[in-house]
Amino acid sequence: MNTITRSATFGLALVLAGCAAAPSRLATPAAPAFIPPVTAPAPLNAAASLAAAAATVTNPRVGGAAMLGTRTIADNCAAAPNLRTLTRAIAPTETRAALAATGPITVFAPTDQAFDRLAANVVEQLMAPANRATLNRLVAYHVVPGAITLDQLRARVAASGGAARLTTVEGDPLTVTRDGEAVVLTDVNGNKSFVETPDVQQTNGIVHVVNGVLVPRLG
């Protein structure tokens, strides 16, 4: 691990015609060779149902910007003025494709203020090409397969006796607990992040805006 990567690691541990016949004589249409049977439409799967609902849902605004249910997670994050650092972090990573793909996925999106609370210069070090692998892991650690609403997170906590475990795309887990009505995420290093704006529906999943950056094992 080079010096820049090690520095970033330490700082972070402390982020989808018809043709008319002649008037005198009407032609008899030929019988079709094959008539497909009429069948009932297939029911929507979970992902398609979510996308259909997201197209009409009234979403909370994020950073004062409208979050359109007809857009992907990547596009909505880019439109939110308080998610600019996250958008910068997503752009060069492998996770960018997942946030624009079909999904469904759940993203815990740290605000700019959350990134500002990291150690000095850590964000700029993460953006350096030499630290791309670290940045990939950090961004992927904020992504969980499947669309999970706030109520579902609370239900998982209750069903697990007070602490639920989420497996992230990065591989390391997140622990979900409650602090009164608030939902709390704790990373593998013990850093905590609270859900600020939940249930922002997208065509490919759900975003929960959070107030802290989550950090996987980077050593």
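Below, all heavy atoms of this structure are taken into account, side chains as well, without hydrogens, waters or symmetry copies.
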So do the side chains of Val62 and Leu83 get within less than 4.5 Å of each other, counting heavy atoms only?
yes
Using a 3.5 Å cut-off and no angle test, enumerate the donor-acceptor pairs between side-chain atoms of residues 163-171 and protein atoms at least two apart in sequence or in another chain.
from: Thr168; atom 1: OG1; to: Glu170; atom 2: N; distance (Å): 3.4
from: Thr168; atom 1: OG1; to: Gly171; atom 2: N; distance (Å): 3.2
from: Thr168; atom 1: OG1; to: Asp172; atom 2: O; distance (Å): 2.6
from: Glu170; atom 1: OE1; to: Asp172; atom 2: N; distance (Å): 2.8
from: Glu170; atom 1: OE2; to: Arg137; atom 2: NE; distance (Å): 3.1
from: Glu170; atom 1: OE2; to: Arg137; atom 2: NH2; distance (Å): 3.0

Distance, nearest 0.5 Å, that separates CE of Met67 from SG of Cys77:
7.5 Å
List the steps and the verdict of side-chain contact (heavy atoms from CB on, under 4.5 Å) for Asn191 and Thr186.
CA-CA 6 Å; Asn191 302 309; Thr186 304; over 6 Å; no
Would Met127 end up clustered with Ile90 when hydrophobic side chains under 4.5 Å apart are linked, directly or stepwise?
yes
Under the side chain to side chain contact (heavy atoms under 4.5 Å, CB included) test against Val107, which residue among Val207, Val144, Thr95 passes?
Val207
Tell me the closest heavy-atom pair linking Asp187 and Val213, and the distance in Å.
OD2-O, 4.2 Å
Quick one: closest heavy-atom pair of Pro81 and Gly63, and the distance?
CG-O, 2.9 Å
Is a side-chain donor or acceptor of Asn59 paired with a backbone partner of Leu68 at a separation under 3.5 angstrom?
no
Does any non-hydrogen side-chain atom of Leu185 lie less than 4.5 Å from one of Phe194?
no
Other residues, nucleotides, ligands: >12 heavy atoms within 6.0 Å of Glu94 CD
no
Taking all heavy atoms of Pro60 and all of Val200, pick out the closest pair and write down the distance.
CG-CG2, 3.9 Å
Taking C-beta and beyond as the side chain, do Glu181 and Arg154 meet within less than 4.5 Å on heavy atoms?
yes
Do the side chains of Val184 and Ser193 get nearer than 4.5 Å, heavy atoms only?
no
I need the Thr149 OG1 to His208 NE2 distance, nearest 0.5 Å.
6.5 Å
Distance col, row Thr87:OG1 vs Asp75:CG, nearest 0.5 angstrom, shows 10.0 Å
Any Ile148 side-chain heavy atom under 4.5 Å of Arg156 side chain
yes
Please tabulate, one pair per line, all N/O donor-acceptor pairs under 3.5 Å involving side-chain atoms of residues 109-116, not counting sequence neighbours.
from: Thr111; atom 1: OG1; to: Ala114; atom 2: N; distance (Å): 3.2
from: Asp112; atom 1: OD1; to: Arg84; atom 2: N; distance (Å): 3.0
from: Asp112; atom 1: OD1; to: Thr85; atom 2: N; distance (Å): 2.8
from: Asp112; atom 1: OD1; to: Thr85; atom 2: OG1; distance (Å): 3.3

Can Asn76 and Gln202 be counted as having a side-chain donor-acceptor contact under 3.5 angstrom?
yes
Would you say Thr203's side chain and Thr70's backbone share a donor-acceptor pair under 3.5 angstrom?
no
Can a donor-acceptor pair be found, under 3.5 Å and without considering hydrogens, that links the side chain of Asp199 to the backbone of Ile206?
no
What one should report as the nearest heavy-atom pair of Ala89 and Val139 is O-CG2, 3.9 Å
Heavy atoms, side chains only, cut-off 4.5 Å: are Leu218 and Thr134 in contact?
yes
Heavy atoms only: give me the nearest Pro173-Tyr141 pair and the separation to one decimal.
O-OH, 2.6 Å
Indicate the atoms forming the closest heavy-atom contact of Gln125 with Asn131, along with that distance.
O-ND2, 2.7 Å
Can any side-chain N or O of Asn211 pair as donor or acceptor with the backbone N or O of Val195 at less than 3.5 Å?
no
side-chain contact (heavy atoms from CB on, under 4.5 Å) between Val123 and Leu118, worked out
CA-CA 8 Å; Val123 171; Leu118 295 176; 4.2 Å; yes
